[in-house]
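Here is the structure we will look at.
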Amino acid sequence: MLLRSLDSNGQLSGQAPLVSLDLHQASIHELAQSLEKQSGWRIFYDSTKFDSSRFDLNLQERPLTEALKMAFANTDFHFSADAYHHVFITKGITLQPELPEDFFGNTALAKKDSSQKAAEEEFDENVKSKDTAVQANKLLVFGQKSAAHPNQRVTISGYVKDAATGEPVNGATVYVEDLKTGAAADQFGYYTLNIPQGRHIISIQSIEMKDTRREVVIYKDAHMNVDMRKQIATLKRVVISASKVANLRNVQMGVQKIDIKTIKTLPVLFGEADIMKAVLTMPGVQTVSEASTGLNVRGGSTDQNLILFNGATIYNPSHFFGMFSAFDPEVVKDVELYKSSIPAKYGGRLSSVLEVNTREGNQKEYTGSAGIGPLTSRLNIEGPIQKDKSSFVFGARTTYADWLLALLPAQYKNSKASFYDLNLDISQQIGRKDNLYFTGYLSNDRFNLNNDTTYGYGNRNIAVKWKHSFSNSLYSVLSIGYDRYQYSISSNQDSLTAYKFSFDINQYYFRLHFNHYLSSKHTLEYGINSLYYKLHPGNYEPEGETSLVVPQVIQAEQALESAVYLSDKYTLSDDFSLEAGIRYSVYNYLGPQQINNYAPGLPRSVDNITDTSYYASGKIIKTYQGPEYRLSARYLLGNDYSLKAGFNTQRQYIHMLSNTAAMAPTDIWKLSDTYIRPVLGDQYSLGLYKNLKSNTMETSLEVYYKNILDNLDYKNGAQLVLNPHIETDVLNTKGKAYGVEFQIKKTEGKLTGWISYTYSRVFLKQDDSYAGQLINNGNYYPADYDIPNDLVLVGNYKISHRFSFSFNGIYSTGRPITLPIGQYYYAGSERALYSDRNAYRIPDYFRTDFSIFIDGNHRIKQKQRTHNSWSLGVYNLTGRKNPYSVYYVSQNGVVTGYKLSIFGSAIPFINFNIRF
Amino acid sequence: MILVVASCLQKYNAPVRPLPTGYLVVEGYIDIGGGTTNIRLSRTTPLNDSAVYLAESGGTVVVEGSLGDSGLLSPQGSGIYSAVLSLNPREQYRLRITTSNGEQYLSGFEQPQLTPPIDSIYWASSSDGVQIFAATHDPSDSVRYFLWNYGETWEFHTYISNLVWVYDSALERPVTVAYRYPDMSYDSSIYTCWQGDSSSTIIVGASNQLGQSVIDAQPITFIPQADVRLSVEYSIDVNQIALSKNVYAFYQQLQTNTEQLGSLFDPLPSQPAGNISCLTNPNETVVGYVYVSRQESKRKFISMLDVPFWAYVGDCFVSKPFYNNPTYIQYNWLGNYPTIPDETTDFGANIISFYAASYACVDCTLTGTNIKPGFWP
């Protein structure tokens with residue numbers, strides 16, 4: 001190809017056609033289109049290089065070359081044209097005779113050829129995709145060599161996005177090879193690096209994406225967006241890279257991330273990809289029953305997990321009595337669980353933070369998917385609102401699950417159940433510095449037990465996030481939102497006693513978060529949070545005119561939880577880095593509220609109420625406050641070996657009150673008040689991480705010890721619902737939990753998966769002197785969720801692009817229960833005499849599942865209108881009758897023991913999905 | 001996609017360590033209405049032990065009033081201690097127990113509850129069976145919590161039998177049949193009998209969430225379709241006892257923990273705390289709640305003829321006709337009992353063949369009593 005360079009004097013200007021332009025904040029695409037239309041010349045450029053460039057131009061009847069010159073004045077864009085009226089626009093590549101003196105490094109290439117080759121290849125990329133090896137040849141120049149100062153550092157930042165859909169690539173590693181330092185892109189795909197001036201090779205990697213590299217010569221702070229392409233053929237290739245070691249290099253410990261692709265390969269009940277069940281396969285995460293999505297993380301109770309759906313708190317993440325999770329897998333991108341090093345920006349729960357992140361939606365074109373399974377039908381649509389600037393994702397699921405009730409114990413026969421959930425996420429880019437995100441979520445469950453009692457529950461969440469970049473190294477995220485969880489129970493079997501009971505939690509929040517990249521050694525995060533709670537703990541009302549039910553309304557509760565935080569990620573050396581954070585939270589329990597006063601020194605019981613105090617609206621009744629420390633450190637012991645340690649403290653001001661083993665939709669939540677203190681917890685943890693086989697196998701060993709103070713437990717026979725003096729029925733306990741978690745994970749190759757083993761114990765002890773009644777004589781007793789041994793095996797084997805097999809194996813110790821140790825005759829029947837609380841266990845749990853995935857086709861490059869896939873498998877392959885519960889009842893005057901299994905046989909499933 | 005899967009319930013005996021010694025169990029109430037106070041003392045037994053009821057005898061049981069008066073209950077055997085005491089409805093009472101091994105127990109003082117009368121006992125039938133309800137109300141609205149129990153009695157019939165075996169004393173087996181009475185009539189004394197039972201479940205109800213103390217449809221018991229109890233006539237005697245809130249809570253917990261388990265969201269079971277403590281060994285578990293109340297009763301009769309449809313068949317089968325010859329009887333006898341003739345000659349004088357049934361299907365006194373209860377109409 002004959003190539004004529006045009007220098008800034010525009011030698012060819014005389015021959016170029018005349019153009020007129022009036023552009024304001026135009027993209028390169030708009031500029032090129034307008035020029036091509038007027039000149040008839042073809043303009044070639046790589047759109048990925050111009051992601052965020054904007055042009056302002058106003059000119060009349062000027063030569064094309066002059067227009068281009070004006071457009072690219074004071075930028076690092078260059079242009080050239082050939083004899084066939086082709087214009088090539090390049091970024092960073094200087095076609096001048098004088099190249100940067102360090103351009104060629106040690107290799108002596110012919111200057112002329114090299115520069116031409118670079119330019120040509122740059123143009124080619126726009127027309128069709130090319131292999132990654134060539135991309136490494138690109139050179140991007142930021143600033144002038146003349147601006148160079150020895151030892152001066154500059155900041156480079158930008159967004160990493162998926163070239164095909166425009167979605168951010170969360171967690172992409174941006175790694176400077178020559179400096180051996182790097183950063184991970186955040187949830188917005190945003191990264192920041194602080195590097196010395198000069199020439200660097202930056203490699204960008206992410207799971208499922210083709211690795212890419214950018215060669216830069218940098219003299220000033222710069223903005224560099226990176227578009228990554230989906231990796232198509234990875235089956236045979238094993239990428240060996242020193243930087244694929246996020247698990248080793250990350251300062252945080254006890255963080256588990258699982259992306260939706262992995263979640264979808266796990267065989268699950270009825271083939272319904274289940275986010276919460278996937279989380280349960282992670283080490284340190286347990287549940288008391290397979291029919292429950294309640295998580296017990298490192299000896300924490302089910303209410304001690306902060307479940308954030310795009311930042312919105314979800315109080316009940318389940319459908320259908322807790323058997324299925326309430327998140328639509330089609331809109332979820334990934335799930336991240338923090339069980340040890342909880343970032344300082346999060347607070348309010350003791351055990352863990354579970355972040356469920358949704359996808360941002362395709363910014364380029366409309367796509368969608370639909371699925372049919374035995375449990376639900378689902379539909380998902382996404383696409384651009386404004387191309388390359390804004391997009392939406394909408395997902396909806398609904399069920400026809402009545403037949404499922406046959407699975408349940410006999411008393412649920414003749415029942416009806418239904419549920420649905422809706423998601424809408426919108427993201428909008430405003431200029432170069434601002435992004436707006438909207439999340440809306442609605443879930444609803446309704447079931448009718450034996451045509452008598454109707455239950456309904458649901459979550460409602462709405463949130464708006466505004467991200468603003470002040471500079472390359474500082475950005476803020478402002479979020480405001482509203483979360484609601486509600487349930488109701490109603491019965492109208494007997495018209496005299498027809499009632500409706502309802503409960504709800506509402507929270508309004510405001511969060512302002514700053515991410516400040518100070519230098520390559522320090523990254524600060526700081527911000528303030530404010531959360532206003534409003535709970536209606538129980539309204540019991542008559543239904544119908546004949547009902548004699550007297551309305552009973554438990555006073556609404558209000559509270560304000562505020563916090564400020566600051567954390568610093570401090571890199572002392574390449575080997576040693578530290579993250580230290582502090583969060584100070586203040587909790588105010590607010591009026592209007594009537595508080596019972598109890599006689600001092602006596603057990604808290606109704607008989608000991610002396611009087612009540614009334615607090616007016618907005619009056620502070622009780623304040624709790626305190627610091628929370630978040631410390632973690634990482635030390636690299638070589639290329640494939642690291643040691644981490646952490647210390648964390650947490651405070652929790654809202655509590656779930658439950659005396660059932662499984663998390664029930666009708667459990668009530670209670671705010672800390674005059675008598676119910678916040679739960680405090682601290683955790684010490686230590687971890688060893690080693691990667692094997694070129695970082696394709698990750699192993700980890702973590703140990704932890706936790707202290708729990710003022711954990712809320714209930715008295716034997718407590719009344720938790722509609723109790724206006726609930727403080728008399730609950731008691732404060734202290735707890736200790738400890739455990740070891742071990743995991744081997746294979747991330748590459750035909751066979752992927754992990755084995756994790758957890759040994760964990762959790763004990764509680766009643767130390768509340770006002771409780772009156774002592775549980776197990778005041779000794780330590782195992783908590784309801786004390787499950788010592790837990791072994792999980794998850795494997796996926798890809799036979800070809802179109803076929804893969806998945807396998808699960810789960811073994812765990814049975815949960816503790818209280819069993820009868822004797823019997824006696826009372827009220828006309830033999831009755832069971834119960835042991836100390838949780839003195840026995842139900843039999844151990846063991847389950848294996850298997851599934852096959854068949855993809856209809858796998859041609860991503862060719863535009864196929866639809867793409868379908870099948871999944872089929874068997875849940876509980878061995879048909880083992882795993883016990884859900886063991887109980888003893890008096891029937892016909894005799895005590896009889898039973899073992900109840902919910903999924904007492906092998907359950908086959910089949911699912912069909914179609915994408916369009 | 002039809003999947004046949006179902007939850008699975010199996011009988012199960014958990015490996016538990018049996019309790020070495022039995023705890024004291026105290027059941028009963030102090031009768032404020034002039035009736036007999038019956039207190040039953042027993043001991044807990046190991047689970048699945050053959051001895052379910054282990055009576056505690058040889059103890060001393062005293063009712064103490066808050067004003068210092070007291071009354072001794074006298075042992076009646078089987079761990080029951082009783083007396084008719086005249087008590088003051090405005091006074092609180094408690095129970096003091098000394099067992100034969102010298103341990104001393106004391107209950108809390110309890111306020112007397114004045115049970116209102118039962119308004120009615122009524123029933124409703126459906127294709128599934130007959131549900132019996134109680135209705136009551138307290139005009140003073142002071143009683144809000146109730147306990148019910150009942151005794152039930154039913155008349156039932158067996159197969160008519162006007163035949164008897166004629167035994168060969170040498171062979172020790174019947175060889176032929178003959179009429180029971182010369183006039184060919186049947187034995188009515190083994191045809192009509194009565195059987196009875198008492199409630200074995202806890203029946204409690206509350207009106208505390210209503211504006212007035214009204215209970216209009218308290219389910220008492222359910223008789224499933226075709227049950228023997230309604231095969232002829234049925235009678236239920238319902239007792240109603242008013243409870244304080246705490247006693248109600250005790251019974252409710254006992255009910256939850258021993259009768260209502262097995263759902264998806266069971267409360268974790270625990271031993272309900274009563275109001276009796278051991279003075280000599282404060283850590284000892286004592287089962288039971290002693291309270292002060294009185295009993296109101298009402299009886300209701302239901303005849304099979306009142307119920308729209310009752311498909312009682314029973315589990316008695318009449319065998320195919322026996323031939324009245326010694327060889328046939330020898331091989332087909334099997335302990336059965338002759339009922340009525342099948343084929344006869346000479347106006348019934350000679351029996352060619354006859355029907356037979358198991359002995360209990362012919363003689364009702366094997367399962368009931370043929371003495372008509374005094375209250376039976």
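Chain letters run A, B, ... following the sequence lines, proteins first, then strands; residues in each count from 1.
To the nearest 0.5 angstrom, B:L47 atom CG is 9.0 Å from A:L833 atom CG. With values rounded to the nearest 0.5 angstrom, B:T258 atom OG1 is found 13.5 Å from A:Y887 atom OH. Here the CG atom belonging to A:L548 is positioned 7.5 Å from the CG atom belonging to B:D216, to the nearest 0.5 angstrom. In this structure, CG on A:N838 lies 11.0 Å from OG on B:S270, to the nearest 0.5 angstrom.
Contacts between B:N208 and chain A at a heavy-atom distance below 4.5 Å are absent for every atom of the residue. For A:Y826, the parts lying under 4.5 angstrom from a heavy atom of chain B are both the backbone and the side chain. Heavy-atom distances place the side chain of B:Q212, and not its backbone, under 4.5 Å from chain A. Contact of A:Y499 with chain B is not made at all, since no heavy-atom distance falls under 4.5 Å. The parts of A:S890 that come within reach of chain B are both its backbone and its side chain, each placing non-hydrogen atoms under 4.5 angstrom from that chain. With a 4.5 angstrom heavy-atom cutoff, A:L722 touches chain B only via side-chain atoms. Of the two parts of B:V214, only the side chain, counted from C-beta on, holds a non-hydrogen atom closer than 4.5 Å to a non-hydrogen atom of chain A. In this structure, the portion of A:V886 lying under 4.5 Å from any heavy atom of chain B is its side chain and not its backbone. Heavy-atom distances place the backbone of B:T201, and not its side chain, under 4.5 Å from chain A. For a residue to count as touching a neighbouring chain, one of its non-hydrogen atoms must lie under 4.5 Å from one of that chain's; by this rule B:E27 touches chain A with backbone and side chain alike.
Put simply, of B:D197, B:L254, B:N149, the one with the most heavy-atom pairs under 4.5 Å next to chain A is B:L254. Across B:S198, B:G288, B:S200, B:G28, the residue that shares the most heavy-atom pairs under 4.5 angstrom with chain A is B:S200. Top candidate by heavy-atom pairs under 4.5 Å with chain B, chosen from A:A839, A:P883, A:S829, is A:S829. Ranked by heavy-atom pairs shorter than 4.5 Å toward chain B, the options A:R841, A:Q552, A:K881 are led by A:K881.
Residues A:V549 and B:L210 form a side-chain contact, since some pair of their non-hydrogen atoms from C-beta on lies under 4.5 Å apart. Counting heavy atoms from C-beta outward, B:N257 and A:Y834 have side chains that approach closer than 4.5 Å.
In this structure A:Y875 satisfies the ring pair (Phe, Tyr, Trp, His ring centres under 6.0 Å) test together with A:F903, sequence neighbours excluded. Residues passing the ring pair (Phe, Tyr, Trp, His ring centres under 6.0 Å) test with A:Y781, sequence neighbours excluded: none.
Without hydrogens or angle criteria, B:Q10 side chain to A:K899 main chain gives no donor-acceptor distance under 3.5 Å.
A:Y824 and B:V287 get closest at one heavy-atom pair: CE1-CG1, 3.4 Å. Closest approach of B:Y12 and A:P843 over heavy atoms only: OH-CG, 3.2 Å. Nearest heavy atom pair, residue A:A827 against residue B:I202, reads CB-CG1, 3.8 Å.
Listed by sequence position, B:F250, B:Y251 are the residues of residues 238-251 of chain B in contact with chain A, using a 4.5 angstrom heavy-atom cutoff.
Sorted by first and then second residue, the salt bridge (charged side-chain N to carboxylate O under 4.0 Å, His left out) pairs involving residues 818-833 of chain A (not counting sequence neighbours) are A:R831-B:E259.
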Run the numbers on A:T896 and B:K11 for side chain to side chain contact (heavy atoms under 4.5 Å, CB included), then give the verdict. CA-CA 7 Å; A:T896 316; B:K11 282 203 177 180; 3.8 Å; yes
